[in-house]
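In what follows, a single structure is set out as structure tokens and then discussed.
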Amino acid sequence: QEQVVESGGGLVQPGGSLRLSCTSSKINLDYNGVGWFRQAPGKEREGVSSITRSPSKSYVADSVKDRFTISRDSAKNMVYLQMNNVKPDDTATYYCAVGPVVLPDAWYVAAWYDHWGQGTQVTVSS
């Protein structure tokens, strides 16, 4: 059984919106940092956004700033990535990752995250 599970990916038109969800049946996300990463074919994996354990502070990559928002719902043990005004360059497999700490200067470094989901595909196309 996977420890971290993403959902919400799909096909969306440019300018549209999509919300990705991350949850775990074994890990209390409130006590951990949670990051979203993405990887497009032929490209390196990149950090998109991250949120620290409660009280939450969030970080977001410049490439998605003002378009993507990360949030958590403690009652549901969920972390979301709201994607607005998506662009074709946002096409990628998106991964949720969980780790004990999120460092302000290294939130985008994959090595700080211990548990990863299988990924959910996001395709932006008309």
Side-chain angles (χ1 to χ4, degrees):
Q1 184 178 3
E2 301 297 334
Q3 294 202 47
V4 178
V5 180
E6 310 95 336
S7 62
L11 175 64
V12 59
Q13 293 186 344
S17 297
L18 208 60
R19 188 179 76 165
L20 305 184
S21 301
C22 174
T23 190
S24 175
S25 61
K26 296 183 179 180
I27 303 170
N28 188 324
L29 299 184
D30 232 27
Y31 298 156
N32 288 272
V34 180
W36 284 99
F37 290 77
R38 68 184 181 185
Q39 187 166 21
K43 294 187 178 180
E44 293 186 357
R45 180 172 49 186
E46 64 171 333
V48 176
S49 188
S50 187
I51 189 166
T52 65
R53 57 189 176 190
S54 297
S56 300
K57 181 176 176 60
S58 62
Y59 305 93
V60 63
D62 288 343
S63 58
V64 302
K65 191 177 180 180
D66 298 328
R67 299 190 296 120
F68 291 11
T69 303
I70 192 170
S71 63
R72 64 166 78 241
D73 185 332
S74 300
K76 296 181 179 179
N77 200 36
M78 299 280 277
V79 171
Y80 304 104
L81 183 69
Q82 179 66 44
M83 307 168 60
N84 296 329
N85 190 24
V86 295
K87 304 176 181 180
D89 283 348
D90 295 323
T91 296
T93 301
Y94 283 71
Y95 299 91
C96 178
V98 180
V101 294
V102 173
L103 301 178
D105 295 332
W107 64 266
Y108 50 87
V109 177
W112 286 106
Y113 299 85
D114 301 323
H115 305 285
W116 291 76
Q118 295 278 13
T120 185
Q121 177 66 36
V122 173
T123 302
V124 182
S125 175
S126 55

Open item on the list: Can a donor-acceptor pair be found, under 3.5 Å and without considering hydrogens, that links the side chain of N77 to the backbone of S25?
Closed with: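 Here the side-chain-to-backbone pair does not exist.
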Open item on the list: For G33, is there any backbone N or O sitting under 3.5 Å from a side-chain donor or acceptor partner on T52?
Closed with: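 Flag not set: sc T52 to bb G33 has no pair under 3.5 Å.
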Sequence-distant partners of [X], side chain to side chain donor-acceptor pair (under 3.5 Å), two or more places apart:
X	result
T93	Q121
R67	D90
S17	N84
E46	R38

Task: Residue pair E6 / L20, side-chain heavy-atom distance below 4.5 Å - done: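 No, their side chains stay 4.5 Å or more apart.
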TODO: Would you check if V102 and I51 make a side-chain contact, meaning some heavy-atom pair closer than 4.5 Å?
DONE: no
Task: Residue pairs fulfilling salt bridge (Lys or Arg N to Asp or Glu O under 4.0 Å) with at least one residue in residues 117-126, sequence neighbours excluded - done: none
Open item on the list: For G47 versus A61, what's the shortest heavy-atom pair and its separation?
Closed with: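 Answer, listing the atom of G47 first, then A61: O-CB, 3.5 Å.
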Task: Shortest non-hydrogen separation from K26 to Q3 and the atoms involved - done: CD-CG, 4.0 Å
Task: Residue pairs, two or more places apart or on separate chains, that pass side chain to side chain donor-acceptor pair (under 3.5 Å) and touch residues 97-112 - done: none
Quick one: [atom1] on [X] to [atom2] on [Y], what's the gap to the nearest 0.5 Å?
X	Y	atom1	atom2	answer
M83	T69	CE	OG1	11.0 Å
K65	S49	NZ	OG	12.0 Å
T120	L81	OG1	CG	11.0 Å

- [ ] Starting from L11, walk the hydrophobic network (Ile, Leu, Val, Met, Phe, Trp, Tyr; side-chain heavy atoms closer than 4.5 Å) and list everyone else you reach, by chain and number.
- [x] none
- [ ] Give every residue pair that meets the ring pair (Phe, Tyr, Trp, His ring centres under 6.0 Å) criterion with at least one member in residues 16-37, sequence neighbours excluded.
- [x] F37-Y113, F37-W116
Task: Residue pairs passing the ring pair (Phe, Tyr, Trp, His ring centres under 6.0 Å) test where at least one lies in residues 67-94, sequence neighbours excluded - done: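 The answer is none; no pair qualifies.
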Task: Pairs where residues 32-91 contributes a residue and the test disulfide (SG to SG under 2.5 Å) is met, not counting sequence neighbours - done: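 Every candidate disulfide (SG to SG under 2.5 Å) pair involving residues 32-91 fails, so no pair, neighbours aside, qualifies.
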Task: All pairs passing disulfide (SG to SG under 2.5 Å) where residues 62-96 contributes a residue, at least two apart - done: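 The answer is C22-C96.
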Open item on the list: Test of understanding: clusters of I, L, V, M, F, W, Y form through side-chain heavy atoms closer than 4.5 Å, transitively. Do L18 and M78 belong to the same one?
Closed with: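 Hydrophobic grouping puts L18 apart from M78.
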Could you pull out every donor-acceptor pair under 3.5 Å between side chains of residues 53-60 and any protein atom, sequence neighbours left out?
unit_1	atom_1	unit_2	atom_2	d
R53	NH1	P100	O	3.4
S54	OG	D30	OD1	3.1
S56	OG	R72	NE	2.9

